[in-house]
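Take a look at the structure set out below.
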Amino acid sequence: MTIFNILKRATAVLAIAFTAVAGVQADTPTTRADGVTVIHLDEYNGYFSAKETVAGLKSGEYEFVITNKADKLVGFQIQSLADRETLDMFPLEPGETRTSRVTIGEDGVRFRCPINPTPWYDLDVIKKG
């Protein structure tokens, strides 16, 4: 593992830890009557912030509502952790909000910005639904 990869992983861990600490008051994700759980993500220059906790998610249907809070074009890419298959990917203009509906399996997912490179955010603590 190169020093770049080590630093990239450490940055991802710190960003998630900061979000977890800062988000102590984070909401629990809402599951609608149709069984879809909604998670709001704000994307800034180089990191994401979750409005709801992303710890302990279960397998099932999810909508990730992503808002570009950066002052430039960014993007959203979400992949299956099991096989790295891209489940959804799109650009976001400044201030734009888009929704990504995906099915999360037992292995979980990971997401990042492919335009303004951010570390992968692994959601691999998925519990069987």
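Values below: every heavy atom of this structure, side chains too, minus hydrogens, waters and symmetry copies.
- Tested against Leu81 for a side-chain contact (heavy atoms from CB on, under 4.5 Å), the candidates Asp122, Ile104, Val109 yield a single pass: Asp122.
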### Task
Check the pair Thr97 / Ile66 against side chain to side chain contact (heavy atoms under 4.5 Å, CB included), numbers first and verdict last.
CA-CA 5 Å; Thr97 297; Ile66 303 96; over 6 Å; no
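- Contact annotation: the side chain of Asn116 approaches that of Asn45 to within less than 4.5 Å [non-hydrogen atoms, C-beta and beyond].
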### Message
Under the criterion side chain to side chain contact (heavy atoms under 4.5 Å, CB included), I'd like the reasoning laid out for Glu43 against Lys69: C-alpha separation, chi angles, the key distance, then a yes or no.
### Response
CA-CA 5 Å; Glu43 186 170 352; Lys69 300 279 188 162; over 6 Å; no
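- Using modelled atom types, no side-chain atom of Asp27 and backbone atom of Pro29 make a donor-acceptor pair closer than 3.5 Å.
- Side-chain contact check for Arg84 versus Arg110: some heavy-atom pair is nearer than 4.5 Å.
- Here the options are Thr31, Thr28, Thr30, the test is side chain to side chain donor-acceptor pair (under 3.5 Å), and the partner is Thr37; only Thr31 passes.
- Side-chain heavy atoms closer than 4.5 Å link hydrophobic residues (I, L, V, M, F, W, Y) into clusters, and following such links, possibly through other members, connects Tyr44 to Phe111.
- When all heavy atoms of Asp34 and Val36 are compared, the pair lying nearest together is OD1-N, 3.1 Å.
- With a 4.5 Å cut-off on side-chain heavy atoms, Thr118 and Tyr47 do not count as touching.
- Residues Asn68 and Lys72 share a closest heavy-atom pair of ND2-O, 2.9 Å.
- The nearest pair of heavy atoms linking Gly46 to Pro119 is O-CD, 4.2 Å.
- Taking both residues in full, the closest heavy atoms of Glu93 and Leu73 are given as OE2-CD1, 3.7 Å, listed atom of the first, atom of the second, then distance.
- Remark: Arg98 is positioned above the aromatic ring of Phe90, its terminal NZ or CZ atom under 6.0 angstrom from the ring centre and at most 45 degrees off the axis.
- For the pair Met89 and Gln79, the minimum side-chain heavy-atom distance is 4.5 Å or more.
- Here the closest non-hydrogen pair linking Pro94 and Ala70 is CB-O, 3.7 Å.
- In terms of heavy atoms, Val102 sits closest to Ile78 at CG1-CG2, 3.9 Å.
- Between Thr99 and Phe64 there is no side-chain heavy-atom pair separated by less than 4.5 Å.
- Inter-residue side-chain proximity for Thr67 and Leu41 is flagged as unmet; no heavy-atom pair is nearer than 4.5 Å.
- Arg32 CZ to Glu61 CD: the interatomic distance, rounded to the nearest 0.5 Å, is 10.0 Å.
- Leu87 and Leu92 end up in the same hydrophobic cluster when Ile, Leu, Val, Met, Phe, Trp and Tyr side chains are linked at under 4.5 Å.
- Contact of the Gln77 side chain with the Cys113 side chain is not registered, since no non-hydrogen atoms from C-beta on lie closer than 4.5 Å.
- Although no hydrogens or angles enter the test, the distance criterion places no donor-acceptor pair under 3.5 Å between the side chain of Tyr62 and the main chain of Arg101.
- Phe48 contributes atom CZ, which lies 10.0 Å from atom CZ of Arg112 (distance to the nearest 0.5 angstrom).
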### Task
Please test Ser80 against Glu85 for side-chain hydrogen bond (donor to acceptor under 3.5 Å, both in side chains), starting from the C-alpha separation and ending with a verdict.
CA-CA 5 Å; Ser80 165; Glu85 174 189 353; 5.9 Å; no
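- The side-chain heavy atoms of Asp42 and Lys51, taken from C-beta on, include a pair separated by under 4.5 Å.
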